[in-house]
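Working notes, beginning with the structure itself.
First the proteins, then the strands, lettered A, B, ... as listed; each starts at 1.
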Number of protein chains: 2
Amino acid sequence: MTVTLADVAARAQVSPATVSRVLNGNYPVAAATRERVLRAVDELDYVLNGPASALAAATSDLVGILVNDIADPFFGIMAGAIQGEIGGPGGRAGGERLAVVCNTGGSPERELTYLTLLQRQRAAAVVLTGGAVEDAPHAAAVAAKLRKLADAGTRVVLCGRPPAPDTDAVALTFDNRGGARALTAHLLGLGHRRLGYIAGPVERTTTRHRLEGHRAALAAAGVEEDPRWTVYGRYDRRSGYEATLELLRRDPSLTAIVAANDSVALGACAALRESGLRIPEDVSVAGFDDLPFSIDAVPSLTTVRLPLAEAGARAGRVAMGREEPPPGGIASVRGELMVRGSTGVPRVS
Amino acid sequence: MTVTLADVAARAQVSPATVSRVLNGNYPVAAATRERVLRAVDELDYVLNGPASALAAATSDLVGILVNDIADPFFGIMAGAIQGEIGGPGGRAGGERLAVVCNTGGSPERELTYLTLLQRQRAAAVVLTGGAVEDAPHAAAVAAKLRKLADAGTRVVLCGRPPAPDTDAVALTFDNRGGARALTAHLLGLGHRRLGYIAGPVERTTTRHRLEGHRAALAAAGVEEDPRWTVYGRYDRRSGYEATLELLRRDPSLTAIVAANDSVALGACAALRESGLRIPEDVSVAGFDDLPFSIDAVPSLTTVRLPLAEAGARAGRVAMGREEPPPGGIASVRGELMVRGSTGVPRVS
DNA sequence: GCCGGTGTAGCAAGCGCTTTCTACAAGGTG
DNA sequence: CACCTTGTAGAAAGCGCTTGCTACACCGGC
């Protein structure tokens, strides 16, 4: 029924071994023979059996990419960039690799299960993107898995994620703290003193780091923070909308709202607008990430640009062993403050 | 080094066959034996060798999802929904499957290559999302591949994509034509007579269908179209921005702009605003898809809501054989007109 | 003209799992 | 009490490929 290596070998009048070697190109084969084999492959429309090949060679050409939310461009952009570098179709690399984008939905169990699935497939590499969950047992479980993967020869890279202790995984970490600090410093520089903060899910590292940066900026400016000014939520617009209404209820005198990311900021804008407040005259709004739509917000969003595509590409190259990992296996990738229309001097109260 | 089935068998004092049967659960095994095997698996921290298993069983648990642009939420939302249904971790289905999201970037060659790669992996199912490329030879090549995949036992489902002729692939098609027609009819109903249209890439089916719907509405209303009113571009905001400037240059008297999708519409809004035109007082703008950010545009975007998540979920279920394919293998999924703030009556000229 | 490279190709032993077929006990039946 | 189900487990034959080792020409050099 299906064409196998042996069929091709028979047709080309060579041994299966020779066909395999022609296909893999890692062994000298006379030009004439290769020619003949290639023709046979073509004529029979032969397609290599991936599992068989992976079994025999003890490696596969699968590369796993774990994302928290595939519907979020934040991850989509990184995943696309990674995929572009791992030599999938169109990539420069010779061997064609299949990128496997796995959507964990932010769930620790699914993250672990996907890691196991990838281990089972003997993935060539795994890239984990986005913030990690801070639960200690889970972190330990992930670290253990990563170690096992590494032992089995799978290259592990973290992209936009803090380093995993006790692991030799390469980490390209976003400087969320620094970015957040610069952002809030900008707001403080404009004269704001009462700033609401809409955080992401409590247990996410990203959430904590950004919040810490925010608070560091406040502390540096000697601004005391009211605990009512912080609300936790999810990384989506709905959350931003609801949190903003909550903040407004808690303290209507806020002059600025800093959001965990751009989507949240968009939701915040909607809530403010519906509450009859102008941006930035009445309330300034700031986001984080600088996703493509942020510049189209009205007014356009002040935010911190994260080089998602660049970081993803780099992670992809490191995962493929085409680029040296950073010294110490850890690199911090900085964001850039983008001052736009959504922030301004506070209203005089 | 690595733990194999045989190791587990030895430890549990049973034959490898029994271990395999316990793990696959498709053969009666005495409770006590199963218990013992499971314990051994746990103690040895055994992980099945995917390729070996796939080779022996002649099937794999990989499911491919082809998308045109993984960074675009349009595809992200569908991919997420599909993945949620194919029984990956967290899904209800028993057997855990690995979703493989492949980013074709809209390139026909990569589409074909990915299809081959999936064929090579003996994927359990393949879901192709988004508009197809209309180039005849390419369409034929894809159809041939899909046939071959189906022959090899891979279930093929098209989601948001027109049916593939000479193929028994199940197709859940979006009614782009109908949606576009309703949208333009809405604009005509408001009194617009000079409507610019920003189309997507020429060769995409989605582009053609939406444009046809638009023109059908114009024709039905007896409005004659000026060829200068249509500009082709890509499905991103930049394209919308540039195309709008072009349209404005060609005919400043346009009172409405219909965009190929929401991202394009956002770009159009930016261009209009920069040109000093108010939305919708001076120019109405309409999008397509109703992505999450569309409601946050200012003014919020009139658009056609496509049930991306629902369609994706259904496609996922069909791909897993958990839902009957629609009669004839083809279903048309309708969009819903969402009238919002970006469209209004035209200015009196 | 014999010998040791050098360049190619084949042989055959797995890789780790699934599954058919067979084997054996235990229990029910005439 | 012999015989046949029924339930459960093992033996072994692959699945299709890779690769270490071996084999054979053919070449040039002494």
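Nearer to the 5' terminus of DNA chain D, by closest-nucleotide assignment, is the contact made by Arg36(B) (compared with the other of Ala52(B) and Arg36(B)).
At whole-Å resolution of the value, CG in Asp7(A) and P in dG16(D) are 9 Å apart. Across the protein-nucleic acid pair, Leu48(B) atom CG and dC15(C) atom C1' stand 14 Å apart, rounded to whole Å. Here dG16(C) presents its C1' atom at 6 Å from CG of Asn49(B), a figure rounded to the nearest Å. The interatomic distance linking Leu55(A) (CG) with dT19(D) (P) rounds to 12 Å, in whole Å. Here dG16(C) presents its C1' atom at 14 Å from CD of Gln121(A), a figure rounded to the nearest Å. Straight-line distance from the CG atom of Leu5(A) to the C1' atom of dC11(C): 15 Å, rounded to whole Å. To the nearest angstrom, C1' of dT8(C) lies 17 Å from CD of Glu35(A).
With rounding to the nearest 0.5 angstrom, the OG1 atom of Thr116(B) is 8.0 Å from the CG atom of Leu149(B). With rounding to the nearest 0.5 Å, the separation of OG1 in Thr2(A) from CD in Gln119(B) is 10.0 Å.
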Hey, can you pull the donor-acceptor pairs under 3.5 Å for the side chains in residues 20-34 of chain A, sequence neighbours left out?
unit_1, atom_1, unit_2, atom_2, d
Ser20(A), OG, Asn24(A), ND2, 3.3
Asn24(A), ND2, Ser20(A), O, 2.9

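Sorted by first and then second residue, the pairs that involve residues 2-16 of chain A and meet salt bridge (Lys or Arg N to Asp or Glu O under 4.0 Å), not counting sequence neighbours, are Arg11(A)-Glu43(A). Residue pairs meeting the side-chain hydrogen bond (donor to acceptor under 3.5 Å, both in side chains) criterion with at least one member in residues 156-173 of chain A, sequence neighbours excluded: Glu111(A)-Arg161(A).
Taking every heavy atom of residues 12-20 of chain A and every atom of DNA chain C, pairs under 4.0 Å involve Val14(A), Ser15(A), Ala17(A), Thr18(A), by number. Against DNA chain D, the stretch residues 24-34 of chain B makes heavy-atom approaches under 4.0 Å through Tyr27(B), Pro28(B), Val29(B), Ala30(B), Thr33(B).
Of the listed nucleotides (dT19(D), dC15(C), dC21(C)), dC21(C) has the atom at the smallest distance from the side chain of Arg21(B).
A heavy-atom distance below 4.5 Å is found between the side chains of Leu128(B) and Val156(B).
In terms of heavy-atom proximity, Val133(B) sits nearest to Gly106(B) at CG2-O, 4.2 Å.
Applying the side chain to side chain donor-acceptor pair (under 3.5 Å) criterion to Ser60(B), with sequence neighbours excluded, gives no partner residue.
A side chain to side chain contact (heavy atoms under 4.5 Å, CB included) with Val101(B) holds for exactly one of Leu66(B), Val67(B), Val63(B), Val127(B); it is Val67(B).
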